[in-house]
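This report concerns only the one structure given below.
Note that the coordinates shown come from a computational prediction; the quantities given were computed from them, not determined experimentally. Counting convention: from 1, in listed order, for ligands and their atoms alike.
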Amino acid sequence: MRRKVIAGNWKMNMLPNEAISFIEQITPLIKDTKNEVILCVPYTDLFYSLLTAQNTNIKIGAQNMHWEEKGAYTGEVSGQMLKSVGVEYVIIGHSERRQYFAETDETVNKKVKTALANELKPIICIGETLEQREQGKAEEVITKQTMLALEGISKEQMKNIVLAYEPIWAIGTGKTATSEDANNSIKWVRNKVEELYGKEIADEVIILYGGSVKADNAKELFSTTDIDGGLVGGASLKVDEFSKIVLV
Ligand code: 13P
């Protein structure tokens, strides 16, 4: 049985004092959950969040990193830097980074490799646009993104990878994919993983759904056969809402 993973993606929100207060408030509410809980916070919140989350069941992740180990890349943050403060997870290839910051399948793949080399666990995002879905190309798009993100990744390394299917048209729009559509898309991704790595790895790999996950739709989404939890944006900014999603 795969574990359930509930990851919050705070995006460019929350100051350090807000991060500390959020973690302090949510800790007692979710302390008994069996689900894995991750908060992917802005760089400036990492250190404070890691300190506040010590001795809790909350894990801390970053939202991006650079693919080079070090060097003249003004403004960038390396995998080694994330590892050095105690970060465990890092989101790679979020559609907002693909859309606004020229992230490509190639840079995603490079970042995945550097993350793994630094013992960080990548949460790799994939997902189609509305146009692609309407043209019947969703399967082709997301299986290709999956294949390219995982190029050169070994079976052993797959154990430290989480995939997140986030249809772009469902992000921040209030439009959730139906649980059936989301589950089908995630099955396509799992089939691709099976084709590349075999059934055992495909049965083990955690694949999340993201896109307007809320307390009132989480249960239906997470009780499908193939959705292993959520990557939650807006609803992860509110203690009450996010704790309900963790506890579904
Ligand atoms: P929303 O939950 O706000 O739609 O965002 C989803 C997302 O992009 C998580 O990475």
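The ligand atoms of ligand 1 that sit less than 4.0 angstrom from a heavy atom of Lys11 are 5 (O), 6 (C), 7 (C), 8 (O). Here is the list of ligand 1 atoms found below 4.0 Å of a heavy atom in Gly211: 4 (O), 6 (C).
Salt bridge annotation for Lys199-Glu194: absent, with no cationic side-chain nitrogen under 4.0 angstrom from a carboxylate oxygen. With salt bridges taken as basic N to acidic carboxylate O contacts below 4.0 Å, none links Lys244 and Glu241.
When only interatomic distances are considered, the shortest N/O to N/O separation between Ser212 and ligand 1 falls below 3.5 Å.
When only non-hydrogen protein atoms are considered, atom 3 (O) of ligand 1 lies nearest to Gly234 N, 2.8 Å. Looking only at heavy atoms of the protein, atom 9 (C) of ligand 1 is closest to Glu166 OE2, 2.8 Å.
Side chain to side chain, Asn109 and Lys113 meet the donor-acceptor criterion of an N or O pair below 3.5 Å.
Every heavy atom of Gly210 sits 4.0 Å or more from the atoms of ligand 1.
At a 4.0 Å heavy-atom cut-off, ligand 1 touches Ala170 through the backbone alone. For Leu231, heavy-atom contacts with ligand 1 shorter than 4.0 Å involve the backbone as well as the side chain.
Relative ring orientation between Tyr209 and Tyr165 is described as tilted, the plane-to-plane angle lying within the 30° to 60° band.
Residues forming a salt bridge (Lys or Arg N to Asp or Glu O under 4.0 Å) with Asp228 (at least two apart in sequence, or on another chain): Arg2, Arg190. Under the salt bridge (Lys or Arg N to Asp or Glu O under 4.0 Å) criterion, Glu131 pairs with no residue at all, not counting sequence neighbours.
Of the candidates Cys125, Gly172, Gly233, the one placing a heavy atom closest to atom 4 (O) of ligand 1 is Gly172.
Heavy-atom contacts from other residues, nucleotides or ligands closer than 6.0 Å to CD of Gln80 number 12 or fewer.
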